[in-house]
Amino acid sequence: MKEITIASTLLVAEHIRELGETDKMLLLRAKEAAKDAYAPYSNFKVGSAVLLENGHVFIGNNQENAAYPSTMCGERNAIFAAAANYPKVPIKSVAITVISANKGVDKPVPPCGACRQVIYENECRHQNNIRIILQGDSGAIYLIKSVKDILPIHFDASYL
Ligand code: THU
């Protein structure tokens, strides 16, 4: 038996002013989108903004349901909206943030496993890396160059 190590590198910005203009714009669009989330059950409002290679931006937010599993995450709503409108255009970046009424989240909010898988599918679909920008209510921002960095062992069509 042998041991393998899986490592990834990401950038951490302590303040939004360290970001480039496009990333800053995308994160602010995500923050705006979070305000309109429908999250009466969790009070955890997730906002996302997706930048396409053609410059279009699509936003999404979580949409909860009294039948809890019928809920859809904010980033998946943004990604699906982008893909529905521009199926041939690769996604360049996805920003994800939160407005939490429960407690202030002062660290970057990570996408759930299902959302990582959906981002990965979109990387495979267009054969590009998708940058991910993460922030909580406040605090540091993570800049990730590909979802593969946070989904290191990834399932795709090659296994089918
Ligand atoms: N949520 C997202 O929108 N994205 C994630 O990646 C994690 C969780 C939502 C789903 C639910 O409405 C609320 O956050 C609490 O889980």
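One-based numbering, in listed order, for ligands and for the atoms of each.
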Discussion item. Does the residue Pro111 have a heavy-atom contact with ligand 1, meaning some pair of atoms that are separated by less than 4.0 Å?
Written reply: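 True for this residue.
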Fill in: Close N or O approach (Cys73, ligand 1; < 3.5 Å)
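There is no such contact.
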What is the nearest protein non-hydrogen atom to [atom], stated with its residue, atom name and distance?
atom                    : result
atom 11 (C) of ligand 1 : Glu64 OE2, 3.2 Å
atom 7 (C) of ligand 1  : Cys112 CB, 4.0 Å
atom 14 (O) of ligand 1 : Phe44 CD2, 3.4 Å
atom 9 (C) of ligand 1  : Asn62 ND2, 3.5 Å
atom 3 (O) of ligand 1  : Gly74 N, 2.9 Å

Discussion item. Applying a strict under-4.5 Å side-chain criterion to I, L, V, M, F, W and Y, I'd like to know whether Ile96 and Tyr120 cluster together.
Written reply: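 Yes, Ile96 connects to Tyr120 through the hydrophobic network.
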Practice prompt. Flag atom 16 (O) of ligand 1 as yes if some protein heavy-atom distance to it falls below 4.0 Å, otherwise no.
Written response: no
Tabulate below the donor-acceptor pairs under 3.5 Å that side-chain atoms of residues 79-95 make, not counting sequence neighbours, or state none.
from: Asn85; atom 1: ND2; to: Ala81; atom 2: O; distance (Å): 2.8
from: Tyr86; atom 1: OH; to: His56; atom 2: NE2; distance (Å): 3.0
from: Ser93; atom 1: OG; to: Arg131; atom 2: NH1; distance (Å): 3.1

Judged by modelled atom types alone, do [X] and [Y] share a side-chain donor-acceptor pair under 3.5 Å?
X     : Y     : answer
Lys35 : Asn61 : no
Thr71 : Gln63 : no
Asn77 : Glu75 : no

Worksheet entry | Contacts of Arg76 that satisfy salt bridge (charged side-chain N to carboxylate O under 4.0 Å, His left out) - sequence neighbours left out | none
Worksheet item: Taking the side chain as C-beta and beyond, is there a heavy-atom pair between Asn65 and Tyr38 under 4.5 Å?
Response: no
Worksheet item: Can you list the ligand 1 atoms lying under 4.0 Å from a non-hydrogen atom of Ser42?
Response: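 It comes down to these atoms of ligand 1: 13 (C), 15 (C).
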Item to complete: Could you tell me whether Glu75 approaches ligand 1 through its side chain, its backbone, both or neither, with non-hydrogen atoms closer than 4.0 Å?
Response: side chain
